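Computed from a predicted structure; not experimentally measured.
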Amino acid sequence: MKTFDHLSVIGLREWVNLPDLGIIGLRAKIDTGASTSSLHASDIQTFERDGEQWVRFTAYIGTQVQRRHRCEARLVTVKSIKSSNGLAQSRYVIRTSLVLGDRLWPVEFTLASRKTMRYRMLLGSKALIDGQLVVNPALAYVQDKPTLTDLSGAQ
């Protein structure tokens, strides 16, 4: 059996922060079958800032009590995504910093309605590769919950 010391183990569900968006303590479901990560968003509007396209949207934090959080991010692209039910839909794509455990790295997210889903964020395989993470599906919440200090101090 091969082991890789430079990879960190995570479970099927983990706590994350999105510091550039001001989002702290979001539960993410890890989905190795999804290539791109996805963030629950509504009220999505595009606008221009300094000659670049940006998006303004409402993110939702919490599972029991929903808290709305208004966010802005530079628009990376618009991508056609085929959902699990086989239907293709156009989605806005943003790139923002993600904190998981003691790691911080940029991740691309599609903005999509996940209101019927239990988890407001799906972390896909591209983010796992970039973060050098492996998933043990028998575990959940392996990494420590990011704290406020992780907003600027994670590596």
**Prompt:** Are Phe109 and Ile81 co-members of a hydrophobic cluster defined by side-chain heavy atoms under 4.5 Å apart?
**Reply:** no

**Request:** Would you name the heavy atoms of Ala73 and Trp54 that are closest together and state the gap between them?
**Result:** C-CE3, 3.2 Å

**Item:** Step-by-step side chain to side chain contact (heavy atoms under 4.5 Å, CB included) determination, Lys79 to Arg91
**Value:** CA-CA 5 Å; Lys79 188 184 259 189; Arg91 294 187 189 169; 5.6 Å; no

**Item:** Hydrophobic cluster identity match, Val78 and Val107, side-chain contacts under 4.5 Å
**Value:** yes

**Request:** Report the C-alpha separation of Leu123 and Leu100 in whole Å, then their side-chain angles, then the decisive distance to 0.1 Å, and conclude whether the side chain to side chain contact (heavy atoms under 4.5 Å, CB included) test is met.
**Result:** CA-CA 11 Å; Leu123 203 57; Leu100 196 163; 3.8 Å; yes

**Message:** Tell me whether Trp105 contacts the main-chain N or O of Ala127 through its side chain, where contact means a donor paired with an acceptor under 3.5 Å.
**Reply:** yes

**Request:** For Glu14 and Gln143, indicate whether the former's side chain and the latter's backbone hold a donor-acceptor pair under 3.5 Å.
**Result:** yes

**Message:** Run Arg68 and Tyr60 through side chain to side chain contact (heavy atoms under 4.5 Å, CB included) and show every step you take.
**Reply:** CA-CA 5 Å; Arg68 293 174 180 221; Tyr60 296 84; 3.5 Å; yes

**Message:** Checking Leu128 against Ile10 for the side chain to side chain contact (heavy atoms under 4.5 Å, CB included) test, could you report, in this order, the C-alpha distance in whole Å, the side-chain angles of both residues, the deciding distance, and whether it holds?
**Reply:** CA-CA 10 Å; Leu128 302 177; Ile10 61 172; 3.7 Å; yes

**Fill in**
Closest heavy-atom pair, Arg70 versus Ser42, reported as atoms and distance to 0.1 Å, is NH1-O, 4.1 Å

**Request:** To the nearest 0.5 Å, tell me how far Glu72 CD sits from Thr96 OG1.
**Result:** 12.5 Å

**Message:** Holding to salt bridge (charged side-chain N to carboxylate O under 4.0 Å, His left out), I want the full list of residues that pass it with Arg13, two or more places apart in sequence or in another chain.
**Reply:** none

**Asked** Is Val76 linked to Val55 within one hydrophobic cluster, defined over Ile, Leu, Val, Met, Phe, Trp and Tyr using a side-chain heavy-atom separation of less than 4.5 Å?
**Response** no

**Asked** How many angstroms lie between CG in Asp144 and CH2 in Trp15, if you round to the nearest 0.5 Å?
**Response** 13.0 Å

**Message:** Would you compute the distance between atom CG of Leu18 and atom CD1 of Ile94 and round it to the nearest 0.5 angstrom?
**Reply:** 7.5 Å

**Prompt:** To the nearest 0.5 Å, how far apart are OG1 in Thr46 and OH in Tyr92?
**Reply:** 5.0 Å

**Asked** So, does Arg103 use its side chain to make a donor-acceptor pair with the main chain of Gly131 at under 3.5 Å?
**Response** yes

**Complete:** Distance col, row Ile30:CD1 vs Met121:CE, nearest 0.5 angstrom, shows 9.0 Å

**Item:** Expected output: side-chain Asn17 to main-chain Gly25 donor-acceptor under 3.5 Å
**Value:** yes

**Message:** With a 4.5 Å cut-off on side-chain heavy-atom distances among I, L, V, M, F, W and Y, is there a chain of contacts connecting Val16 to Val142?
**Reply:** no

**Message:** Whether the side chain of His69 engages the backbone of Leu21 through a donor-acceptor N/O pair (distance < 3.5 Å, no angle test) should be reported.
**Reply:** yes

**Request:** Please check if the side chain of Asp20 supplies one atom and the backbone of Ser97 the other of a donor-acceptor pair under 3.5 Å.
**Result:** yes

**Prompt:** Atom CZ of Arg56 and atom CD1 of Ile44: how far apart are they, to the nearest 0.5 Å?
**Reply:** 13.0 Å

**Cluster link Leu122 to Leu26, ILVMFWY, side chain under 4.5 Å** = no

**Fill in**
Here the pair of heavy atoms bringing Ala112 nearest to Ser38 is CB-OG, 3.8 Å

**Thr32 side-chain N/O to Ser125 backbone N/O, donor-acceptor pair under 3.5 Å** = no

